[in-house]
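In what follows, a structure is listed as structure tokens, so that the remarks can point back to it.
So that the names make sense, note that chain A is the first sequence line, chain B the second, and so on, each numbered from 1. Please read these numbers as outputs of a predicted model, since none were measured by experiment.
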Amino acid sequence: MPLDLRSLEEKWQRRWSEARIFEADPDPAKPKYYLTVAYPYPNSPQHIGHARTYTLADAHARYMRMKGYNTLLPMAFHYTGTPILAMSKRVAANDAELIDVFVKLYEVDERIIDSFKDPLNIAKYFHHDIKLGMQAMGFSIDWRREFTTIDPAYTKFIEWQFRHLLSAGLITKGAHPVGWCPSCMSPVGQHDTKGDLEPDIVEFTAIKFDMDGTALPVATLRPETVFGVTNIWVNPGANYVEVEANGDRMIVSERAVQKLKGMMPQILRLRDLAGSELIGRHARNPITGTLVPVLPAEFVDPNNATGVVMSVPAHAPYDLLALRDLKANPGIIRVYGLDESEIAALVPIPVVELEGFSRVPAEDAVKRLGIRDQKDPKGEIATKELYQKEFHLARMLPGTGVYAGMPVSKAKEKIKQDLVSSKRAFPFYEIMNGPIQCRCGAEVTVNLVDDQWFINYADESWKETVRKHLKNMSLVPDDLRQEFENVVEWLKEKACARRAGLGTRLPWDSAWVIESLSDSTIYMAFYTISKIINQHRLDPSALTDEVFDYIFLGKGDPSSLPIEREILEAMRNEFNYFYPLDSRHSGRDLVPNHLTFFIFNHVAIFPEKHWPRQIAVNGSVLMEGKKMSKSLGNIIPLHKAIMIYGADTLRTSILFASELLQDADFSDSQAKSIRSKLLEFYDLACSYADAGMPDFSSADHLDKWIISRVQRVVSQVDSSMQCLRMREAIHCAFFILQQDLQWYIRRRADRCSDPRTRSIVKYVLRAIVKMMAPFAPHLCEEIWEKFGEDGFVSVASYPETDQALICERDEITEDLLKSIICDTAEIIKVTGISPARICYYTSPKWKWDLYLKALAALESGVDPRGLIRELMKDPEIRKRGGEAAKFINSICSCTITLPKEDRKKILRASGIEEAAFIGECTTFLSEYFKCKVEVQSADLPGYDPNGKAGQAAPLRPAIYIEGQR
RNA sequence: GCGGGGGUCGCCAAGUCAGGUUAAAGGCGCAAGGCUUAGGACCUUGUGGCGAAGGCCUUCGUGGGUUCAAAUCCCACUCCCCGCACCA
């Protein structure tokens, strides 16, 4: 009858919970290990991708627990944010697409979907679902510490954190552009738009050219070229509007008026006018004072930015082309009554110099690409190319005042700042990937929020502290260090609050809700006290700043605080015991934000001794080689996957799929194979459950070999686990060691039921069970119990290597046997002989001497190039002449390529009694090849019809096979 | 553009930092044999090419170079993925 994995898993989950083995309390007698994983956002069920991070952390926790640490792994739920709110709005609006996702994909009962109009119900639903999944996966979590980020106590904690940041001067306020829905009157993120488009906001500089008291704001991405303006372009066929904005009069395109409303509080529409009305008028360049004409150009897009463009023909291909087109078209000049001579006099004014280009780089670009006129689509390419080259490589020319000589990349920022601060220009924001629609149907605009709160991650002294601490932190894997260092450098102000969503209100400005990446930076500290808050149902109002100051910082007088002294001290004690955090786990997508914020906030709030020690990061999960996505329909919800494969299989498969940072490819066939391997292992273990304790003193060669292998594997797996190389750990503990065990059993074919053999097999199995317990804990508990062991394997001690049980000589000889078999089999295969008699000739003594000499020489540092010469020095060898020279040649190449460890091993064994050993194996060998097997020493071979004995080398006996082809 | 990661023998994937355990682990798939009434599972073997003796040849994105020795070190090129923020 097949083993019912699910009920077995539930049984052990129940027993763990009853025995409370994963509940960790401070214990001064034991070293602690505290690790956390990023808590989930409950807006959808978790899937296999989420499971990877959690399984990794859990296996890590289980390993540390077995290593003797008082290990704490807590969990909470991140309710903060807007996506849940957005979903509830869509439910309220009866959005069929979303409801379909809930019902079909997430398998939510249709009857409760109506309750999802309340965002809290969505969060609670998936919170429950995710928690059940975590329990079904067997995660060793201390659930007494669970909380959500909208619990009043947590809210108090976040308020405390933010007041600290504020008083440390790390909170700033400023203007910030956001994607905005004018109909919903709220900011839009990716999840609020049709097609889940993230608005790509780009900042133009609108430079005000004065035209008789009314400004023409020319929008540009290249404000540094304002020195080279020859004219202004407007589209004669477009509609323009004169408006009053902040007391300024200006003329912009019809479409730009709407956009301006988001950026300026007061927009008054004065009059409409056609673009053509502007043609022929003149406006003054605010930086050079030059008066330039307004001219017509079709390439000007009234839907882009202000719809008014400055013309810099020296550096902008379109401007150059449009000017050329106009000059070549006297008809147009006449239609608008323009001054032909004035236009003829307009020539490019160079502003920057670019190596490899003439004074008018736009000319070069146009020529090289063979662009005809302003309608040619290649103009776009030329513009991009020139923009990039000039931005990175060009310098400002002497005619540009204080900016002369500056690289363009610097001058651009500087000029923009100067123009804006002197009110000669203003920033104009445009959505580059637009038009984007809000889910409500309205078109998304840009809104300039001018009272946005920021956490100032740009603060230089803060960064410096973070840099220093980062150097002391362990990063797993360390490959990520560079990336973290880069992120610390790039980080700027982070908008830390929004107008909507679930979460904690800013304590000093209740119109704002702290957003999710900002309220999740130091909550690992909160777990240490949430157990006590939950147990005592503490009144959140008692959690004052002073209380937190005392618990987390040791500040203030505890007797004056509004919490019972005993409870207060218990909280302080929990924190002091478990902090600092020993390891923080998360997916690699959180490196540029959460994980870095986590370091920043810790160093800002806590004293140095409580700064985090380690970050462990894992890659994501692919399904059958493809990225998981709703549209591909290849997202398997976790609870479904557990039903299909079982928790142990899932855990092992995910961790075995790839090493830490790589994306792990989950495949059905791989998982099924892991499951059958686990079941097979269970069967094997059960059949040895009643074996006795091994007696190492009576061990023979083969026993010593397998015992030695166990030591090697244990030591390898232990070090793999330490650096979270779980794939490697499973590989060695489960696959490699089991292969060795198979070999052992096969070699013992004749004496498999012998009690000594059985006790040795059980000894190996016991080690595998322990090493596999972090990965397949339920199955391992079951075996552990069958083995008659006391207690849970989950809290048993991790296996240790016993150096005294490593037997190098037995390892060498067993390897020798395997290589003999391999060689013999190859000869049989190639020659097609069906063997009747196999003779082995072991190496003569003089070859062994020479071999050891070669090894010793290499070990003492002799250059491989000089090895032959070194060996030839020996007079004994020279006496042997050609035979020796030939042998030396072959021995050199094989000793040089021998791994260092093996060289040492063979040297330490200083020779092997090969003939005696192979002699012991003849029964096995003749069984293996189903023929007669004999061994002779090549020193004096008795039977050697083909003269093979001369080929014998140390650990490489000569082989002679007789038989029919 | 800036930054990060990656291209390994059908697929997945170790190995690269510390060059020689490497024709290159392991898993999957495939094939043969064993077991079985059969299937599944399991065990053994094979899975670049050639080979009538354990060998030889070619191979780790491409092209060069360093070295007694290169998947690994250096240079150039090429292709793919991911992040760039207010959003979890």
Side-chain angles (χ1 to χ4, degrees), chain A residues 2 38 40-41 43 78 80-84 176 178-179 187 189-192 198 387-388 391-392 449 452 454-455 457 478-480 482-483 486-487 489-498 501 515-518 520 588-594 619-620 622 624-625 627 653 656-659 661-667 669-670 672-674 676-677 679-680 683-684 725 727-728 730-732 734-736 739 742 745-746 819-820 822-833 863-867 892-893 895-903 946 948 951 956 958-961 965:
Chain A
Y41 184 67
N43 72 331
H78 201 190
T80 310
T82 52
I84 289 177
H176 186 65
V178 292
Q190 194 173 356
H191 51 265
D192 300 309
E198 173 90 44
Y387 180 98
Q388 274 174 24
F391 181 80
H392 292 287
V449 179
Q452 174 69 53
F454 298 93
I455 298 180
Y457 293 120
D478 198 63
D479 313 24
L480 285 161
Q482 183 67 52
E483 202 173 332
N486 291 340
V487 172
E489 297 315 309
W490 297 333
L491 231 44
K492 296 186 291 201
E493 295 89 353
K494 156 84 187 160
C496 65
R498 310 192 45 150
E515 62 82 45
S516 58
L517 283 170
S518 300
S520 57
R588 71 175 311 169
D589 49 328
L590 298 186
V591 171
N593 43 59
H594 166 74
S620 60
L622 304 176
E624 310 284 354
K627 214 171 148 175
S653 303
F656 187 62
S658 84
E659 226 35 280
L661 211 51
Q662 294 291 325
D663 286 348
D665 189 6
F666 184 88
S667 81
S669 64
Q670 196 95 234
K672 281 182 177 147
S673 147
I674 296 272
S676 70
K677 287 245 159 56
L679 288 172
E680 178 206 340
D683 288 342
L684 182 72
R725 296 178 57 91
R727 180 196 156 86
E728 189 172 72
I730 296 168
H731 181 239
C732 294
F734 199 55
F735 290 91
I736 299 291
Q739 261 175 28
Q742 286 302 344
I745 292 170
R746 191 172 176 200
S819 81
I820 289 172
C822 191
D823 284 348
T824 310
E826 191 179 349
I827 294 167
I828 291 171
K829 182 186 140 205
V830 169
T831 58
I833 294 171
D863 189 301
R865 275 173 295 182
L867 186 59
C892 282
S893 61
T895 49
I896 288 168
T897 56
L898 204 64
K900 283 200 180 91
E901 260 317 296
D902 288 4
R903 273 186 213 157
N946 273 23
K948 290 280 177 193
Q951 287 181 17
R956 199 90 206 283
I959 302 169
Y960 169 64
I961 301 174
R965 226 174 325 120

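Not a single ring-ring contact (aromatic ring centres under 6.0 Å, His included) links A:Tyr960 to another residue, sequence neighbours left out. Under the rule for a side chain to side chain contact (heavy atoms under 4.5 Å, CB included), the partners of A:Arg956 that lie at least two apart in sequence or sit in another chain are A:Asp823, A:Ala953. Every salt bridge (charged side-chain N to carboxylate O under 4.0 Å, His left out) that A:Lys672 has, sequence neighbours left out, goes to A:Asp668. Qualifying salt bridge (charged side-chain N to carboxylate O under 4.0 Å, His left out) partners for A:Lys948, counting only residues two or more places apart in sequence or in other chains: none.
Using a 4.0 Å heavy-atom cutoff across all strands shown, A:Phe454 reaches no nucleic acid atom at all. Residue A:Arg956 is classed as a base contact, given a heavy-atom separation below 4.0 Å to a base.
Between B:rC2, B:rU44, B:rG26, one nucleotide has an atom nearer to the side chain of A:Gln742 than all others, and that is B:rU44. Side-chain proximity of A:Ser676 to the nucleotides B:rG4, B:rA41, B:rA53 is greatest for B:rA41. Candidate nucleotides B:rA88, B:rG3, B:rC86 were compared by shortest atom distance to the side chain of A:Thr82, and B:rA88 ranks first. The A:Ser516 side chain lies nearest to B:rA88 when the options are B:rG83, B:rG55, B:rA88.
The residue among A:Gly81 and A:Asn946 whose nearest nucleotide of RNA chain B lies closer to the 5′ end is A:Asn946. Judged by closest nucleotide on RNA chain B, A:Phe735 is the one of A:Ile827 and A:Phe735 placed further toward the 5' end.
The aromatic rings of A:Tyr41 and A:His78 sit perpendicular, their planes meeting at an angle over 60°, well past the 30° parallel limit. Taking the six-membered ring where the residue is Trp, A:Phe454 and A:His176 present perpendicular rings, their angle passing 60° and hence far from 30°.
Distance CD (A:Gln482) to P (B:rG5): 8 Å, rounded to an integer number of Å. Taking atom CG on A:Leu661 and atom P on B:rG7, their separation rounds to 12 Å, with Å as the unit. Distance CZ (A:Phe656) to P (B:rC28): 8 Å, rounded to an integer number of Å.
Between B:rG4 and A:Asn486, a contact under 4.0 Å exists linking OP1 or OP2 to a side-chain N or O.
For the P atom pair drawn from B:rC35 and B:rG40, the interatomic distance equals 16 Å after rounding to whole Å.
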Under 3.5 Å, N/O pairs linking protein and nucleotides 47-51 of chain B:
unit_1 : atom_1 : unit_2   : atom_2 : d
B:rG51 : N1     : A:Glu826 : OE2    : 3.4

Reading nucleotides 8-21 of chain B from the 5' end, what letters show protein touch, with B for base, S for backbone sugar-phosphate only, - for no heavy atom under 4.0 Å? ----SSSS----BB
